[in-house]
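These notes are about the structure you will find just below.
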Amino acid sequence: MLVKAVSVQPQTETRERSTSKNYWKEAKKSLRKHWQLYLLVIPPVLFFILFKYLPMANAVLAFKNYQVTKGIWGSPWVGTKYFDMLFNNPQFWTLIKNTLFLSLYQLAATFPIPIILALLLNEVRSLRFKKAVQLITYAPFFISTVVMVSIIMIFLAPRLGLLNVILNAMGMESTNFLGDPTKFRSVYVWSEVWQTTGYSCVIYLAALAGVDPSLYEAAKVDGASRLQKIIHVDIPGILPAAVIILILSVGNIMSLGFEKVYLMQNPLNLQSSEIISTYVYKIGLLNANYSFATAVGLFNSVINLILLVAVNAVSRRISENSLW
């Protein structure tokens, strides 16, 4: 038995070496053949390494009492002091509630509407009309956040805003939409729907373009109606792309966009508009409490990671579509 064990070990090592040599050969061959593609990949890889992965090391600031003269690594350790401050903060649960409510509301509105638009456009036979709709819905995506918020403020102004002028003409009273905490979320989400629906729709149109035409022909032979084709051919065709986008969206559910919320904030709607990202900005930059702000950001990132892994696992088990 000892002789057999000794003889098997060299064979295993030899196989591993030959396998690694084959991998290196294939890698070199692929590099020589597709060197242009590898060259294009280098800038984004460097970007992520320099601006995403290397800065992660500075997350240690959440466990230190940051002092400018000593730097990040020279500052004294304080353990979980800032996390305790966060969890004992009276605003903590309000921040969590506002962030979750706004994120879930946005996800519920911005996820299905681009799919519906893509399915409808896929059924349009007039190419000119289809391109016109795509252009009209896609154009708002190129409006900057600052300009978008300015448009919203002008459109919803209490006295001279177009919407309130229409309401007054109908015999209704003017409403301060941005000053009402109960209406802030709806204004934010539906303006986001208007701005991003056309852009998000492109992904699903590309997925629909990849559906096998023979499936439509088979459905036609079976006498399927347009609605039945959408249900049994189109939706299964875009399901993998939709699942991936949903997983990524849920994974970023706590990282709600900062710029638009901050620009739309005012003292009247702060009750529902104060979210984690705006709070981190005010505490970390305006009040120069960098360690506490880092602790809040790290907590936020950990929650996002847990959600991403959990949703990916559930998706893999239910639909067999997942990121990994």
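This chain uses plain numbering: 1 for the first residue, then up along the sequence. Please read these numbers as outputs of a predicted model, since none were measured by experiment.
- Rounding to the nearest 0.5 angstrom, the gap separating the OG1 atom in Thr294 from the CG atom in Asn58 is 8.5 Å.
- Residue pairs satisfying the salt bridge (charged side-chain N to carboxylate O under 4.0 Å, His left out) criterion with at least one member in residues 251-272, sequence neighbours excluded, are listed as follows: Glu192-Lys260.
- The environment of CD in Gln67 is crowded: more than 12 heavy-atom neighbours from other residues, nucleotides or ligands sit within 6.0 Å.
- To the nearest 0.5 Å, atoms CG (Leu61) and CD1 (Ile72) are separated by 5.5 Å.
- Residues Lys52 and Phe47 form a side-chain contact, since some pair of their non-hydrogen atoms from C-beta on lies under 4.5 Å apart.
- Screening residues 246-275 for ring pair (Phe, Tyr, Trp, His ring centres under 6.0 Å), with sequence neighbours left out, gives Phe258-Tyr262, Phe258-Tyr281, Tyr262-Tyr281.
- No side-chain donor-acceptor contact under 3.5 Å links Asn269 to the backbone of Gln265.
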Derivation of the side-chain contact (heavy atoms from CB on, under 4.5 Å) call for Phe141 and Ser200: CA-CA 10 Å; Phe141 180 76; Ser200 302; over 6 Å; no
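- Leu102 contributes atom CG, which lies 11.5 Å from atom CD1 of Ile276 (distance to the nearest 0.5 angstrom).
- Taking the centre of each ring, Tyr188 and Tyr105 stay at or above the 6.0 Å mark.
- The salt bridge (charged side-chain N to carboxylate O under 4.0 Å, His left out) contacts involving residues 238-256 comprise nothing, where partners must be two or more places apart or lie in separate chains.
- Taking all atoms of both residues into account, the shortest heavy-atom contact from Lys64 to Gly74 is NZ-N, 4.2 Å.
- The side-chain contact (heavy atoms from CB on, under 4.5 Å) check on Leu104 picks up Ile253, with sequence neighbours excluded.
- Each of Asn98, Thr94, Asn89 was compared with Tyr279 under the side chain to side chain donor-acceptor pair (under 3.5 Å) criterion, and only Asn89 meets it.
- Judged by distance alone, the side chain of Asn287 and the main-chain N or O of Asn289 form no donor-acceptor pair under 3.5 Å.
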Stepwise side-chain contact (heavy atoms from CB on, under 4.5 Å) test for Leu121 and Val133: CA-CA 8 Å; Leu121 286 175; Val133 172; 3.6 Å; yes
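- In the hydrophobic clustering (ILVMFWY side chains linked at under 4.5 Å, chained through shared members), Leu268 stands by itself.
- Looking only at distances, no side-chain donor or acceptor of Thr278 sits under 3.5 Å from a matching main-chain atom of Glu274.
- Ser103 places none of its side-chain heavy atoms less than 4.5 Å from the side chain of Leu100.
- Taking both residues in full, the closest heavy atoms of Trp194 and Met148 are given as CZ3-CE, 3.1 Å, listed atom of the first, atom of the second, then distance.
- Around the CE atom of Met56, the shell of radius 6.0 Å holds more than 12 heavy atoms that belong to other residues, nucleotides or ligands.
- Note that CG of Leu117 and SG of Cys201 are 4.0 Å apart. Values are rounded to the nearest 0.5 Å.
- In this structure, the side chain of Asn176 engages the main chain of Gly179 through a donor-acceptor pair within 3.5 Å.
- Within the 4.5 Å cutoff, side-chain heavy atoms of Val261 are placed close to those of Ile275.
- Annotation for Leu178 and Met264: closest pair CD2-CE, 3.7 Å, computed over non-hydrogen atoms.
- Of all heavy-atom pairs between Ile231 and Pro236, the closest is O-CD, 3.3 Å.
- For the side-chain contact (heavy atoms from CB on, under 4.5 Å) with Ile42, the lone residue among Val45, Leu46, Leu40 that qualifies is Leu46.
- Contact check for Asp234 versus Leu208: side-chain heavy atoms found under the 4.5 Å cut-off.
- For the 3.5 Å distance criterion, the side chains of Asn168 and Ser174 qualify, holding a donor opposite an acceptor.
- Note on ring orientation: taking the six-membered ring where Trp is involved, the planes of Tyr53 and Phe48 are tilted (angle from 30° to 60°).
- Within 6.0 Å of atom CH2 in Trp35, 12 or fewer heavy atoms from other residues, nucleotides or ligands are found, so the atom counts as exposed in its surroundings.
- The environment of CZ in Phe87 is crowded: more than 12 heavy-atom neighbours from other residues, nucleotides or ligands sit within 6.0 Å.
- Around atom CD of Glu173, no more than 12 heavy atoms belonging to other residues, nucleotides or ligands sit under 6.0 Å away.
- Proximity of a side-chain donor or acceptor of Gln134 to a complementary backbone N or O of Gly198 within less than 3.5 Å is not detected.
- Between the Asn65 side chain and the Pro76 main chain, no donor and acceptor come within less than 3.5 Å of each other.
- Summarising the geometry of Leu86 relative to Phe92, their closest heavy-atom pair is O-CB, 3.3 Å, with the distance given to 0.1 Å.
- Two residues are said to be in side-chain contact when any heavy atoms from C-beta on lie closer than 4.5 Å; Trp77 and Val60 meet this criterion.
- Side chains of Thr110 and Gln106: no donor on one and acceptor on the other come within 3.5 Å.
- Without hydrogens or angle criteria, Thr99 side chain to Ile96 main chain gives no donor-acceptor distance under 3.5 Å.
- Dense packing is recorded around OH of Tyr216, with more than 12 heavy atoms of other residues, nucleotides or ligands lying under 6.0 Å away.
- Note on residues 123-133: no pairs pass side-chain hydrogen bond (donor to acceptor under 3.5 Å, both in side chains), not counting sequence neighbours.
- We find the CD1-CG distance between Ile247 and Asn252 to be 12.0 Å, quoted to the nearest 0.5 Å.
- Atoms NZ and CD, from Lys97 and Gln91 in turn, are 12.0 Å apart once rounded to the nearest 0.5 Å.
- Heavy atoms only, all atoms of each residue included: Ser272 and Pro181 are closest at OG-O, 2.8 Å.
- Taking the side chain as every heavy atom from C-beta outward, Leu107 and Leu246 approach each other to under 4.5 Å.
- You'll find the side chain of Asn266 stays beyond 4.5 Å of the side chain of Leu270, heavy atoms only.
- Side chains of Asn164 and Leu156 form no contact here, defined as non-hydrogen atoms less than 4.5 Å apart.
- In summary, the aromatic rings of Tyr82 and Phe63 are positioned with their centroids too far apart to meet the 6.0 Å limit.
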